[in-house]
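Count residues from 1 along the sequence.
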Amino acid sequence: MAPTITVFERSPDRGRGLARDMPVRWALEEVGQPYDVRPVSFGAMKQPAHLGLHPFGQIPTFEHGDLALFESGSIVLHIADHHPGLWPADPNGRARAVTWMFAALSTIEPPIVERETATYAERGRPWLPEHLGLVEQRIGDRLTALSERLGDGDWLDGDFSAGDLMMVSVLRRLEGSTLLDGYPRLSAYIARGKARPAFGRAFAAQLALFTAAPEG
Ligand code: GTB
């Protein structure tokens, strides 16, 4: 039986693949695991049936047999643990890849999300330009350090791993801004991730759902 993931019924990003079902889809595609999708409306996300799966009423969730998970990072880690292809073979390499997953989600992502949230939640407030300036400085500090560590490597630590999958997923949230402009190595790193056939399949699958269910 294939796992089932939940996704937005109507994608606010209009098919740009920025919601967090995307890293889960990408991981499933990398390991060649077919999966089913259950689209959920914003209303249904807050109903008891979905809250039983996700205590915060969000997507994505992952159900496989009697296991139900939420949190995209945890789901990707679970997929990597149960299929070959997303971890290095040696235990220390796996531990380092997990470290990069955490770095993506708990060190790189928070100021990126803060910037997005401030942009819509503080729209029109007099302090917004100063707040955005400070947050963008923090994002820049992280990008500088990450770019230095990546150096001329293709991936963060040897071969492509779940750590790169999460890092590229997080950095994609900056596409469309100018914040990546001074970081050609990171832009090339994102492009390498997006060029992977598994990313392409995952992106096409979420886009197909969006185009099949236009706003009505
Ligand atoms: N920490 C959780 C995880 O990693 O799984 C966060 C899950 C989460 O933020 N889910 C969002 C959600 O369900 C969708 S991904 N939101 C509905 C709600 O909270 O009621 C965040 C997201 C949403 C939309 C865009 N976009 O349109 O560009 C991008 C990212």
Has [X] got a side-chain atom pairing as donor or acceptor with [Y]'s backbone, closer than 3.5 angstrom?
X: Ser106; Y: Ala103; value: no
X: Ser41; Y: Ala44; value: yes
X: Ser11; Y: Phe8; value: no

Next on the checklist: On a heavy-atom basis, which atom in Ala80 and which in Leu86 lie closest, and how many Å separate them?
Outcome noted: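 Scanning both residues, the minimum pair turns out to be CB-CB, 3.7 Å.
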Next on the checklist: If you compare all heavy atoms of Arg123 against all heavy atoms of Leu128, which two are closest, and at what distance to 0.1 Å?
Outcome noted: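 For Arg123 and Leu128, the tightest heavy-atom pair comes out as CA-CD2, 4.0 Å.
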Item to check | Partner of Leu69 by side chain to side chain contact (heavy atoms under 4.5 Å, CB included), out of Val24, Leu53, Ile75, Leu77 | outcome: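 Passing option: Ile75.
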Can you tell me if [X] has over 12 outside heavy atoms packed within less than 6.0 Å of its [atom1]?
X: Asp159; atom1: CG; answer: no
X: Phe42; atom1: CZ; answer: yes
X: Arg125; atom1: CZ; answer: no
X: Arg201; atom1: CZ; answer: yes
X: Arg192; atom1: CZ; answer: yes

May I ask you to test the [X]-[Y] pair for a side-chain heavy-atom distance under 4.5 Å?
X: Ser177; Y: Glu136; result: no
X: Met22; Y: Arg172; result: yes
X: Arg142; Y: Ile112; result: no
X: Val40; Y: Val7; result: no
X: His64; Y: His82; result: no
X: Leu180; Y: Ile190; result: yes
X: Thr107; Y: Phe102; result: no

Are the charged groups of [X] and [Y] less than 4.0 angstrom apart, N to O?
X: Glu63; Y: Arg38; answer: yes
X: Glu29; Y: Arg196; answer: no
X: Arg20; Y: Glu109; answer: yes

Going hydrophobic residue to hydrophobic residue with side-chain gaps under 4.5 angstrom, can you get from [X] over to [Y]?
X: Leu165; Y: Phe70; answer: no
X: Tyr35; Y: Leu67; answer: yes
X: Ile108; Y: Leu134; answer: no
X: Leu132; Y: Ile139; answer: no
X: Val37; Y: Trp26; answer: yes

Item to check | Trp155 and Phe160 aromatic ring geometry - parallel, tilted or perpendicular at 30°/60° bounds | outcome: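 Perpendicular.
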Next on the checklist: Under the side chain to side chain donor-acceptor pair (under 3.5 Å) definition, can you give me all pairs with a residue in residues 45-62, not counting sequence neighbours?
Outcome noted: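 Of all non-adjacent pairs touching residues 45-62, those that pass side chain to side chain donor-acceptor pair (under 3.5 Å) are Thr6-Thr61.
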Next on the checklist: side-chain contact (heavy atoms from CB on, under 4.5 Å) for Val98 and Trp87? Distances and angles first, verdict last.
Outcome noted: CA-CA 9 Å; Val98 171; Trp87 297 140; 3.6 Å; yes
Checklist entry - For residues Glu114 and His131, is any side-chain donor paired with an opposing acceptor at under 3.5 Å? => result yes
Next on the checklist: One pair to check against side-chain contact (heavy atoms from CB on, under 4.5 Å): Asp164 and Trp100. What are the steps and the verdict?
Outcome noted: CA-CA 7 Å; Asp164 295 297; Trp100 280 117; over 6 Å; no
